[in-house]
Amino acid sequence: MPSTHPSSATAAFFDVDNTIIRGASAFHLAKSAYQRKFFGTRDILRFALIQARYLVWGENKEQIDEVRNRALSLIAGRSVAEIATLGEEVWDAVLSLRIYPGTRRLLDEHIAAGHQVWLITATPVEIAQLIARRLGATGALGTIAEHKDGFYTGRLTGDLMHGQAKAEAIVELADVNEIDLDESYAYGDSLNDLPMMRVVGHPCPINPDLRLRRHAQEVGWPIREFRGRSQRAAGRGVRTASWAGAAWVLGLVLRAARRRLQGR
């Protein structure tokens, strides 16, 4: 990764979901929150359906808005400390095991080169910063949920860190940290990451969805595949993951039905 500028002026910006971590981190947080009885079976069914669609077809704005709105309503009244503890547990038990090894190596290469490494994600900023710390990154920008006196209000501070908001955040961050965007890198998996990839000199899709893959091929961007298998095998892995999630949800439904019948 040669650069004609000092390495401190160079940065690498990484999306999180399906770029660093396989699948949607919000689903795994929701699953753990369900197990802690933050909410009921109907809510986790919704999250599981979104996760299955995400794994098969990639993200879209409607899905993200749905997750955001529901998640905000579910954490309203919960303490920041409680959510932070939940995030630590989910990282240790789930997310750390779903890191793409290839992306981890790439991230480590940027760190070794002295580059700043930032995670830019729609994931809640507390979780994004936790992942950044665990990976040794410089920092993270994410969606900020409003909280007062240590408790979440159920509203956002600013907008969702998604699409054009990512690009604007990177430009602002670059100005504050004297980052040379022409010498910097951006990695994402979805067409929704296109705005942030356009503001750097070295954009590179990782595990791209079909729309981003087509765009990258049209403009000549390099593409990296870190699933560790051929595209056909990767597709089988996605379907397997989706069916595994569906099976878990089906088990929840059956257990809930059994409890209801036994209570009659």
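Starting from 1, each residue takes its place in the sequence as its number.
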Side-chain heavy-atom pair Cys204, Trp221 within 4.5 angstrom cut-off: no
Note: Asp17-Arg22 ion pair, threshold 4.0 Å (strictly below): no
Heavy-atom side-chain contact between Thr121 and Ile127 under 4.5 Å: no
So which atom in Phe226 and which in Arg224 form the shortest heavy-atom distance, rounded to 0.1 Å? CZ-CD, 3.6 Å
Would a 4.5 Å heavy-atom cut-off, applied to side chains only, mark Asp180 and Thr10 as touching? no
With clusters defined by side-chain heavy atoms of hydrophobic residues (ILVMFWY) lying less than 4.5 Å apart, directly or transitively, does Leu194 cluster with Ile223? no
Does any non-hydrogen side-chain atom of Ile170 lie less than 4.5 Å from one of Ile120? yes
Taking C-beta and beyond as the side chain, do Ile179 and Phe13 meet within less than 4.5 Å on heavy atoms? yes
List the atom of Leu160, the atom of Ala165, and the distance in Å for their closest heavy-atom pair. O-CB, 3.4 Å
Under the criterion side chain to side chain contact (heavy atoms under 4.5 Å, CB included), I'd like the reasoning laid out for Asp193 against Lys166: C-alpha separation, chi angles, the key distance, then a yes or no. CA-CA 8 Å; Asp193 293 319; Lys166 286 187 175 183; 2.8 Å; yes
Using atom types as modelled and distance alone, determine if a side-chain donor or acceptor of Thr138 lies under 3.5 Å from a backbone N or O of Val117. yes
Can a salt bridge be assigned to the pair Arg104 and Asp108 using a cut-off of 4.0 Å between side-chain N and carboxylate O? yes
Just by distance, do the side chain of Asn192 and the backbone of Gly163 share a donor-acceptor pair under 3.5 Å? no
Name the one of Met197, His110, Met196, His202 that satisfies side chain to side chain contact (heavy atoms under 4.5 Å, CB included) with Tyr187? His110
What closest approach, in Å, do Pro222 and Pro205 show between heavy atoms, and which atom pair accounts for it? O-CD, 3.0 Å
What ring pair (Phe, Tyr, Trp, His ring centres under 6.0 Å) pairs are there with at least one residue in residues 75-98, not counting sequence neighbours? none
Could you check whether Glu146 and Thr153, counting side-chain N and O atoms only, form a donor-acceptor pair closer than 3.5 Å? yes
If we only count heavy atoms from C-beta on, is the Val94 to Arg98 side-chain gap below 4.5 Å? yes
Test of understanding: clusters of I, L, V, M, F, W, Y form through side-chain heavy atoms closer than 4.5 Å, transitively. Do Leu95 and Ile99 belong to the same one? yes
Using a 3.5 Å distance criterion without hydrogens, assess whether the side chain of Thr123 forms a donor-acceptor pair with backbone atoms of Ala128. no
Does the side chain to side chain contact (heavy atoms under 4.5 Å, CB included) test come out yes or no for Asp15 and Ile20, once each step is laid out? CA-CA 7 Å; Asp15 173 49; Ile20 295 177; over 6 Å; no
For Gly142 and Met161, which heavy atoms make the closest approach, and how far apart are they? C-CB, 3.7 Å
Quick one: pull up CD1 in Ile206 and OG in Ser190 and give me the separation to the nearest 0.5 Å. 13.5 Å
Partners passing ring-ring contact (aromatic ring centres under 6.0 Å, His included) against Tyr152 (at least two apart in sequence or in another chain): His147
Side-chain contact, heavy-atom cut-off 4.5 Å: Leu173 with Trp118? yes
Output, in order, the C-alpha distance, side-chain angles, deciding distance and verdict of side chain to side chain contact (heavy atoms under 4.5 Å, CB included) for Thr103 and Phe14. CA-CA 9 Å; Thr103 306; Phe14 286 81; 4.0 Å; yes
Are Leu97 and Ile131 joined in one hydrophobic group, where the rule is that I, L, V, M, F, W and Y side chains link up if heavy atoms are under 4.5 Å apart? no
At their closest point, which heavy atom of Leu212 faces which heavy atom of Gly188, and how far apart are they? CD2-O, 3.7 Å
Please determine whether a side-chain nitrogen of the Lys or Arg among Glu88 and Arg133 lies less than 4.0 Å from a carboxylate oxygen of the Asp or Glu. yes
Looking at Asp189, is its backbone amide N or carbonyl O close enough to the side chain of Thr19 to form a donor-acceptor pair, meaning the two atoms are under 3.5 Å apart? yes
Are Leu181 and Val176 joined in one hydrophobic group, where the rule is that I, L, V, M, F, W and Y side chains link up if heavy atoms are under 4.5 Å apart? no
Rounded to the nearest 0.5 Å, how far does CZ of Arg213 lie from CG of Asp209? 8.5 Å
To the nearest 0.5 angstrom, please state how far the CD atom of Glu172 sits from the CG atom of Leu141. 8.5 Å
Arg134 and Asp92 ion-paired at < 4.0 Å: yes
Before giving the answer on side chain to side chain contact (heavy atoms under 4.5 Å, CB included), spell out for Val90 and Leu86 the whole-Å C-alpha distance, their side-chain angles and the decisive distance to 0.1 Å. CA-CA 6 Å; Val90 173; Leu86 177 66; 4.2 Å; yes
